[in-house]
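Since the structure comes first, as structure tokens, the remarks are kept for the end.
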Amino acid sequence: MTSFTNPVVAGMHPDPSVCRVGDDYFLACSSFEYFPGVPILHSRDLMHWEQIGNALDRPGQLSLPATTPSSGGVYAPTLRHHDGRFWLITTNVGPGGGAMIYTALDAAGPWSDPVRVPGIGIDPDLAWDQDGNCWCTSAGIWQVRIDPLTGHVFTRPRKLWSGGTDAQAPEAPHLYRIDDHWYLLIAEGGTERGHAVSVARGPAPDGPFEPCPANPILTHRGTHRPIQNTGHADLVQAPDGSWWMVLLGVRPGGGTPGWHVLGRETFLAPVTWHDGWPVVGDLRPEMTAPWKPRPPAPEPVRDDFDAPALHPRWLSVRSRPDSCWSLTEPPGHLTLRARDRSLDDPQVTFVGRRQQHPSCTVSTLADPSAGRGGLAVRLDESHHYELEAGDDGVRVTARLGSIRHTMPAWPMPAGPVHLRIDVLAAAPGDGHPRQEPDTLRLGVELPDGEFRVLAELDGRYLSTEVAGGFTGRVIGMYAADGTMSFDWFDYRPILTR
């Protein structure tokens, strides 16, 4: 048996959907207001994942105008492989959005332009029966039969099931034919602490469905387990015949009520079958799998911006116009040109990556000679911390809901400046009900290696429990005015295990 660590995809990777093609697994997750949309990851062992692209990486595939709210945008994709191609269906929640289907011959892309499917809600699923009919099931557990190539809907919406435990928000349906039954897997209870997974089965893709007598088959609500909000699951069978479940969960920290700051992450749990029903094994931070791991090459700590294109891990807020960034002006640097003057604006020029570890150090070498900008930790427009360099020095700004506070500038000599943010998770177990989940130290690293801390800020204000919404922290570089040039970007986990 081989041990592995949950989550298997850390940081903001919610609503996971998985499929297997031969010995390869592919995973898609929600991306909300970030562009490019829908990260696509690859694995050979279900335990170690590498991002190989984003399904929606062109403006023609994904429109997220400035009026798209934070935690709007792209919700809950379903990824499937059928008839020699990959299929992805998702919903853009915002202006001009709706349900859309994309296809590709290679999961890494390119993916097609969207095919719109009218009248479909969030969390859509695709499943094909033996006759080639395609069934689309969505939140609320409504179902229609569609033509996935044209988006034509053949039937009126029909409600299949109201859930296994009479809980709120039946959603995230996935439909499977396994042996002689069709199984309908759903989430219910809401994506917060009451989240759960339930299942029903029936003789046909449109039912009728009988609920599993053991529903919910997975939930951590009302427990002290370190993984909470468990739900929104998908099933996959490994080549050895074993079954597995990917699902979202969170890792709350601090005191009461517990704050999760990394967003909803992707976890992995084993599944066995008893009396024709799936039984989910114990979900823990440390797990075992019955095969040898096949991890990809480790992700580099530093991005020197020497590649001809940005790695797919890099995100921007709603859009990334070509006029606002460059990797060649000068070569070996990421240059950002300001569109708006603050991270409070919905179309700020920002390039960041998901925070994936409870503790980490993030730094960059920034040149503010032609502008103003720096490093930021972002949850949304109303909740972010900024470490900004300009001609008058380096200053820290904290945006906490309706309050925006800027601290006095620290003077610095002319030239590039080494900006650094340390994120330090709180030590567990002090019992204080108001203990923060983590502390953020923002400052400047001096040439002699000294870290000059300009501000130490409470991390709970950049958490979902405070800010609301469905996302997690993204840390990166931004331009608030003029042009900012960044020579490199470092992301170093601080491992405490």
Side-chain angles (χ1 to χ4, degrees), residues 1 15-21 25 27 46 78-82 123-143 145 158-167 169-189 194-221 230-249 267-284 287-291:
M1 303 291 282
D15 310 322
S17 181
V18 65
C19 69
R20 178 175 66 87
V21 183
Y25 302 92
L27 187 82
L46 282 173
T78 292
L79 179 66
R80 295 291 182 257
H81 189 264
H82 172 75
D123 301 2
D125 174 73
L126 294 178
W128 287 262
D129 64 23
Q130 305 95 308
D131 298 323
N133 297 309
C134 183
W135 301 88
C136 180
T137 314
S138 57
I141 322 305
W142 293 88
Q143 188 184 76
R145 186 166 61 86
R158 176 174 175 269
K159 193 169 183 65
L160 291 185
W161 188 36
S162 29
T165 60
D166 197 30
E171 59 189 4
H174 289 307
L175 192 61
Y176 319 87
R177 180 176 172 82
I178 302 172
D179 296 329
D180 295 329
H181 292 97
W182 283 86
Y183 289 85
L184 179 60
L185 190 75
I186 72 164
E188 55 185 344
H195 215 194
V197 180
S198 291
V199 68
R201 71 186 181 192
D206 56 349
F209 289 96
E210 61 166 320
C212 175
N215 279 330
I217 61 172
L218 174 64
T219 186
H220 283 184
R221 60 194 179 202
T230 51
H232 205 118
D234 201 2
L235 293 171
V236 66
Q237 187 178 24
D240 67 354
S242 62
W243 284 86
W244 296 83
M245 174 181 284
V246 295
L247 69 149
L248 70 78
F267 293 79
L268 179 67
V271 174
T272 55
W273 294 84
H274 298 282
D275 298 324
W277 293 107
V279 177
V280 185
D282 191 21
L283 175 62
R284 305 180 307 277
M287 303 286 294
T288 58
W291 53 74

For this session: Applying side-chain contact (heavy atoms from CB on, under 4.5 Å), run through His174 and Asp123 and close with a yes or a no.
Result: CA-CA 9 Å; His174 289 307; Asp123 301 2; over 6 Å; no
Exercise. Which residue pairs pass the salt bridge (charged side-chain N to carboxylate O under 4.0 Å, His left out) test with at least one member in residues 172-185, sequence neighbours excluded?
Worked result: none
Problem set entry | Polar side-chain atom of Glu188 near backbone of Glu171 as donor-acceptor pair, under 3.5 Å | no
Problem set entry | Separation between OG1 of Thr230 and CG of Leu218, rounded to the nearest 0.5 Å | 4.5 Å
For this session: Kindly say whether His195 contributes a backbone atom to a donor-acceptor pair with the side chain of Thr219 at under 3.5 angstrom?
Result: yes
Exercise. Can you name the ring pair (Phe, Tyr, Trp, His ring centres under 6.0 Å) partners of Trp244, sequence neighbours left out?
Worked result: Trp291
Exercise. So, for Trp128 and Cys134, which heavy atoms are closest and what is the spacing to 0.1 Å?
Worked result: NE1-CB, 3.7 Å
Seminar exercise, completed: For His232 and Val197, the nearest pair of non-hydrogen atoms, with its separation, is N-CG2, 4.4 Å
Exercise. Do Thr78 and Pro124 come within less than 4.5 Å of each other through their side chains, counting heavy atoms only?
Worked result: no
For this session: Determine, stepwise, if the pair Ile141 / Ile186 fulfils side-chain contact (heavy atoms from CB on, under 4.5 Å).
Result: CA-CA 8 Å; Ile141 322 305; Ile186 72 164; 3.6 Å; yes
Seminar exercise, completed: Residues Leu247 and Gly231: closest non-hydrogen pair is CB-O, 3.4 Å
Exercise. Taking C-beta and beyond as the side chain, do Met245 and Pro278 meet within less than 4.5 Å on heavy atoms?
Worked result: no
Problem set entry | Non-neighbouring partners of His181 that pass side-chain hydrogen bond (donor to acceptor under 3.5 Å, both in side chains), sequence neighbours left out | none
Exercise. Atom CG of Leu235 and atom CZ of Arg20: how far apart are they, to the nearest 0.5 Å?
Worked result: 13.0 Å
Exercise. With no hydrogens and no angle check, do the side chains of Ser17 and Asp234 hold a donor and an acceptor under 3.5 Å apart?
Worked result: yes
Exercise. Are Ile217 and Leu185 side-chain neighbours, meaning at least one heavy-atom pair lies under 4.5 Å?
Worked result: yes
Exercise. Checking side-chain contact (heavy atoms from CB on, under 4.5 Å) for the pair Leu184/Leu160: CA distance, chi angles, key distance, verdict?
Worked result: CA-CA 9 Å; Leu184 179 60; Leu160 291 185; 4.2 Å; yes
For this session: Would you please test Phe267 and Leu248 for side-chain contact (heavy atoms from CB on, under 4.5 Å) and show each step?
Result: CA-CA 6 Å; Phe267 293 79; Leu248 70 78; 5.9 Å; no
For this session: Locate the shortest heavy-atom distance separating Tyr25 from Pro239; write the atom from each residue and the value.
Result: OH-CD, 3.1 Å
Exercise. Is there a donor-acceptor contact under 3.5 Å linking the side chains of Ser242 and Gln237?
Worked result: no
Seminar exercise, completed: When every non-hydrogen atom of Ala172 is compared with those of Ala187, the smallest separation belongs to CB-CB, 3.9 Å
For this session: Check whether any side-chain N or O of Lys159 sits under 3.5 Å from a backbone N or O of Gly140 as a donor-acceptor pair, and report yes or no.
Result: yes
Exercise. Under 4.5 Å between any side-chain heavy atoms of Pro173 and Trp142, yes or no?
Worked result: no
For this session: Can you sort out the partners of Thr272 under side chain to side chain contact (heavy atoms under 4.5 Å, CB included), two or more places apart, ordered by chain and number?
Result: His274, Val279
Exercise. Okay, side chain of Thr137, backbone of Gln143: is any donor-acceptor separation there less than 3.5 Å?
Worked result: no
Exercise. Does any non-hydrogen side-chain atom of Val236 lie less than 4.5 Å from one of Leu46?
Worked result: yes
For this session: Taking ring pair (Phe, Tyr, Trp, His ring centres under 6.0 Å) as the test, write out the residues that go with Trp273, two or more places apart.
Result: Tyr183, Trp243
Give every donor-acceptor pair under 3.5 Å between a side-chain atom in residues 204-211 and any protein atom, sequence neighbours left out.
unit_1	atom_1	unit_2	atom_2	d
Glu210	OE2	Arg201	NE	3.3

For this session: Measure the spacing between CG of Leu126 and CH2 of Trp135 and express it to the nearest 0.5 Å.
Result: 13.0 Å
Problem set entry | For the student: nearest non-hydrogen atoms of Gly281 and Ala269, plus distance | O-CB, 4.4 Å
Exercise. Counting heavy atoms not belonging to Asp275, are there more than 12 under 6.0 Å from its CG?
Worked result: no
Exercise. Between Asn215 (side chain) and Ser198 (backbone), is there a donor-acceptor pair under 3.5 Å?
Worked result: no
